[in-house]
Amino acid sequence: MKYCVLLISLVCSLQVNAQRSDVNYDENEVPGYNLPELLISKSGRKIKNTKRWEKIRRPEIVKLFQQEVYGKIPKEIDIDEVVVHEQAGDAFDGLAKRRQVELIFRKDDQELSVEILLYLPKINEKAPLFVGYNFSGNHTVADDPDIRLTESWVGDEPSLGIVHNQVTEQSRGAKSERWPVKTIIEAGYGVATIYCGDVDPDRDNFQDGIHPFSYQLGQFRPGYDEWGTISAWAWGLTKAMDYFTSDTDIDSSQVIVVGHSRLGKAALWAAALDQRFAMCVSNNSGCLGAALSRRQFGETVGVITHAFPHWFCENLSKYSSREEKLPVDQHMLLALIAPRPLYVTSATEDLWADPKGEFLAAVEAGKVYGLYEKEGLPVTEMPVPDTPVFGTIGYHIRAGKHNITSYDWEQFIDFANERLTPAE
Ligand code: GTR
């Protein structure tokens, strides 16, 4: 039995690797493509102003992403109870206060716990806040002995002591270089993080996390146009936002949703759906995040739906190797964030995520910012590495690998300082 499982996982990984090596990394091999029109409605109407954008085109585009890409999110699931485990723990040598809050969801005999770890600056006003998921547990973001350990399923990482899908003390602080909490706090921002697997474990199994809460009797997985894991994660962010509106230390009009890689895809989708997020940061989010699918450079829709089918709704598989038939492309997802500030990043060695496709999507999305008389990106040629450019859309390509680093965070903070405005 054990060997059978090993063989199956070997075959699967070979398939994914084969697909990985098959993808195009040659700019000359990018096919000619036409992007779906941002500013022409389904019925052929020209979208010339914000009123038509908001009334006609924006809802049409949201619907297309719901039906064909990420899947519809049920409306009826709400927080049942909020448990504050810690209100103001002393953290970072007295620089910050640590708060740990559990959101509990209940339906029939089902219960789901989602834990938010917050570090807040010790200031008298309400703080603006960055919120983003982490990959392996809240305790991985800082070497802080008081962070509670998640009991949810976590992907094994034996080098960090994560085995049998449970975290241990060994992984405490293991991802702290991705979370420069001190820098964020010193800049006057709070930071909140949630383990993504509290909301929905990242595995092709719709039996855990929040999905079963939406099933009808006899249903065991979401329908063709119903939520995959990225939609579930986006939903979790909007529930965290519900909590933030009740936390008197947080300025809920200045919440910035941030995410790296697959979690960057979730951050974009959350910001597109929930306009309470005042700003969005997509870090190296790549295929079906910020990158244009039609360029077929690096990861493609075919590869991603094969390797990670559970991230999306089942309808997306119709477009595997048929990107040109998709009724949307990712510039349209970015445009849904207008007129709010949006920051997109790439990394020079992260060709898998198609840096140029991420940049071009951001340029195109600028058309909708234009309707609001805001400048999207101020350039149409990719900037050189480590040179941020920004209008109301910001962009940089960092020299280096697929990652989220202190350099990236410093740019998010600068951008937020310039572009985030408190509600009147
Ligand atoms: C990759 C996946 C990407 C990206 C990345 C990540 O394997 O193909 O789309 O999301 O994982 O999340 O780290």
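Every number for a ligand or one of its atoms is a count from 1 in the order of the listing. FYI, side chains are in, hydrogens and waters are out, and symmetry mates aren't considered; it's all heavy atoms of this structure. Positions are given from 1 along the sequence.
When only interatomic distances are considered, the shortest N/O to N/O separation between Lys265 and ligand 1 falls below 3.5 Å. Of the N or O atoms in Trp352, one or more lie within a sub-3.5 Å distance of an N or O in ligand 1.
Residues Phe92 and Tyr119 bring their aromatic ring centres within 6.0 Å.
Using a 4.0 Å cut-off between charged side-chain N and carboxylate O, Glu27 and Arg295 make a salt bridge. Lys63 and Glu60 are not joined by a salt bridge, as no carboxylate oxygen comes within less than 4.0 angstrom of a charged side-chain nitrogen. With respect to Glu68 and Lys318, a salt bridge is recorded, a charged nitrogen being found less than 4.0 Å from a carboxylate O.
In this structure, the protein non-hydrogen atom closest to atom 5 (C) of ligand 1 is Ser261 OG, 3.0 Å. For atom 7 (O) of ligand 1, the closest non-hydrogen atom on the protein side is Arg20 NH2, 3.1 Å.
For His260, the heavy-atom gap to ligand 1 stays at 4.0 angstrom or more.
A cation-pi arrangement is found for Arg178 relative to Phe135, the charged atom lying closer than 6.0 Å to the ring centre and inside a 45° cone about the ring normal.
Heavy-atom proximity to Phe308, at under 4.0 Å, picks out these atoms of ligand 1: 2 (C), 7 (O), 8 (O).
Of all the listed residues (Glu299, Arg262, His402), Arg262 holds the heavy atom that lies closest to atom 12 (O) of ligand 1.
Residue contacts with ligand 1 for Ile304 involve side-chain atoms from C-beta outward but no N, CA, C or O (heavy atoms, distance under 4.0 Å).
When all heavy atoms of Trp269 and Leu333 are compared, the pair lying nearest together is CE3-CD1, 3.8 Å.
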